[in-house]
Asks: 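Quick one: the structure is below, and I'll ask about it shortly.
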There are 2 protein chains.
Amino acid sequence: MSLEKNYRMTSQRKVILDELRNMYSHPTADEIYIMVRSILPRISLGTVYRNLEILSKMGLILKLEIDTHQKRFDGNSKKHYHIQCINCNRVYDINPKTVKINYSEDNPDGCKIIDYCIHFIGLCKECIEKDSICNTNFTDRSGLDGKKAEKPNFR
Amino acid sequence: MSLEKNYRMTSQRKVILDELRNMYSHPTADEIYIMVRSILPRISLGTVYRNLEILSKMGLILKLEIDTHQKRFDGNSKKHYHIQCINCNRVYDINPKTVKINYSEDNPDGCKIIDYCIHFIGLCKECIEKDSICNTNFTDRSGLDGKKAEKPNFR
DNA sequence: TTACTTGCAAATCGTTTGCGATATA
DNA sequence: TATATCGCAAACGATTTGCAAGTAA
């Protein structure tokens, strides 16, 4: 008597997984929906959401909660760090060797730390290159708060 | 010619700020709405949202984006660390002295890190105490994924 | 054959916004 | 008095869900 579901590998699920695994960036559900529709034009957004949920339950992908107003998904299911670009909003992997975090499990306030979530904010390679060509001066963040960045063209 | 708004200190705004400053935990907008209604019964949820936004723009409170499906607010506007309890879902401050983070601005992948967001996951003092009394064994996190924890009774 | 999955559409939930009335500086 | 703010209700955007039909194992 198992509580597990016998998940099936449908064509929809397979295409979503493949698309995600072939990407460098970590897209939102609606971005994945657009990509997958070029292969399966009749797929629905609900199916995309359901499959992303199941694939992450199966441990095949990662659900990222970096963006507060939209979830993002990562075809690499091993835990690692991410950076969100302040210019294009895309999310990329960060080399874990460049980061060190130290904390004591037992906090003087009486809390017990079990795990942590960290993500970085900065500029991606592509936008840095664009910056040095166009002189758009991204590194000045003043007045950027709350403004919507350009929609990323993924891939 | 200033772009600033001349914010006013209305009774609603003052009560929201005071409530938030007198709290140890960091509530959601609807939790604040419930609290404030006991003082100002005719206040609307929209007003609570608008004021929380303005108070954080004024730099008097902090908008926390720890919980992905609901924003939380902190009466202490200085940047500091937080922990969310896996049992009651409440968010508390973490003593910053117990945490050390090291990273290099320039990532080998070509990204440039400007800032970071970190928060901790664990157990709050209250729930640890409840655990040792009731033997509910919180520290076993298996099967907890996605489950809704009990609604916190704030204060 | 069975029960998992789909497409579709409607529902949900947190949050934002337009409006005419009210209150603060 | 000018305009920031209010309460109310409707709108919004991301996500979830109910249902009848379709399909993988």
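Below, each value reflects all heavy atoms present in this structure, side chains not excepted, and no hydrogens, waters or symmetry copies. Below, read A as the first sequence line, B as the second, and so on, with proteins coming before strands; counting in each chain starts at 1.
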Asks: Name the pairs: protein N/O against N/O of nucleotides 19-25 of chain D, kept only if under 3.5 Å.
Replies:
unit_1, atom_1, unit_2, atom_2, d
dA24(D), N3, Arg8(A), NH1, 3.0

Asks: Can you check the Asp67(A) CG to dG13(D) C1' distance for me, whole Å?
Replies: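 It is 13 Å, rounded to the nearest whole Å.
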
Asks: With clusters defined by side-chain heavy atoms of hydrophobic residues (ILVMFWY) lying less than 4.5 Å apart, directly or transitively, does Leu55(A) cluster with Val91(A)?
Replies: no

Asks: Under 4.5 Å between side-chain heavy atoms, counting indirect links through other Ile/Leu/Val/Met/Phe/Trp/Tyr residues: same cluster for Ile118(B) and Leu62(A) or not?
Replies: no

Asks: What's the separation between atom CZ in Arg72(B) and atom NE2 in His119(B), rounded to the nearest 0.5 Å?
Replies: 11.0 Å

Asks: Measure the distance from CD on Gln70(B) to C1' on dT15(D) and round it to the nearest whole Å.
Replies: 14 Å

Asks: Does OP1 or OP2 of dT5(C) have a side-chain N or O of Asn6(A) closer than 4.0 Å?
Replies: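 No.
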
Asks: Rounded to whole angstrom units, what separation is found between the OH atom of Tyr33(B) and the P atom of dC6(D)?
Replies: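 Going from Tyr33(B) (OH) to dC6(D) (P), I get 14 Å.
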
Asks: Check this for me: does any side-chain nitrogen of one of Lys57(A) and Glu53(A) sit under 4.0 Å from a carboxylate oxygen of the other?
Replies: yes

Asks: Whole angstroms only, please: what is the CD-P distance between Glu53(A) and dC4(C)?
Replies: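 In whole Å, dC4(C) P lies 17 Å from Glu53(A) CD.
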
Asks: Looking at Tyr49(A), does any N or O in its side chain come under 4.0 Å of the phosphate oxygens OP1/OP2 on dT15(D)?
Replies: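 Answer yes for this pair, as a side-chain N or O of Tyr49(A) is under 4.0 Å from OP1 or OP2.
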
Asks: Could you point out which residue of Arg21(A), His82(A), Lys63(A) forms a side chain to side chain donor-acceptor pair (under 3.5 Å) with Asp74(A)?
Replies: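 Only match with Asp74(A) under side chain to side chain donor-acceptor pair (under 3.5 Å): His82(A).
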
Asks: Quick one: is dT16(C) close enough that its OP1 or OP2 comes under 4.0 Å of any side-chain N or O from Lys71(B)?
Replies: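 It does, given that an N or O in the side chain of Lys71(B) lies less than 4.0 Å from OP1 or OP2 of dT16(C).
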
Asks: Stepwise, does the side-chain hydrogen bond (donor to acceptor under 3.5 Å, both in side chains) test hold for His26(B) with Asn76(B)?
Replies: CA-CA 10 Å; His26(B) 306 326; Asn76(B) 173 6; over 6 Å; no

Asks: Taking CG from Asn89(B) and P from dG14(C), how many angstroms apart are they, rounded to a whole number?
Replies: 13 Å

Asks: Rounded to the nearest 0.5 Å, what's the gap from CD on Gln84(A) to CG on Leu64(A)? Could you check?
Replies: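 It comes to 10.0 Å.
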
Asks: Using atom CD of Glu31(A) as one end and atom P of dT15(D) as the other, report the distance to the nearest whole Å.
Replies: 11 Å

Asks: Of all of residues 36-47 of chain B, which get a heavy atom below 4.0 angstrom from DNA chain D, listed by number?
Replies: Arg42(B), Ile43(B), Ser44(B), Thr47(B)

Asks: On the six-membered ring of Tyr116(A), is Lys79(A) placed so that its NZ or CZ lies under 6.0 angstrom from the centre and within 45° of the ring axis?
Replies: yes

Asks: At what distance, to the nearest 0.5 angstrom, does SG of Cys124(B) lie from CG of Asp109(A)?
Replies: 11.5 Å

Asks: Provide, to the nearest angstrom, the distance between the CG atom belonging to Leu52(A) and the C1' atom belonging to dT5(C).
Replies: 15 Å

Asks: If I take atom CG in residue Asn51(B) and atom P in nucleotide dA23(C), what distance separates them, rounded to the nearest angstrom?
Replies: 16 Å

Asks: At less than 4.0 Å, is any side-chain N or O atom of Gln12(B) found next to OP1 or OP2 of dA23(C)? Yes or no.
Replies: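 The answer is no; no side-chain N or O of Gln12(B) sits under 4.0 Å from OP1 or OP2.
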
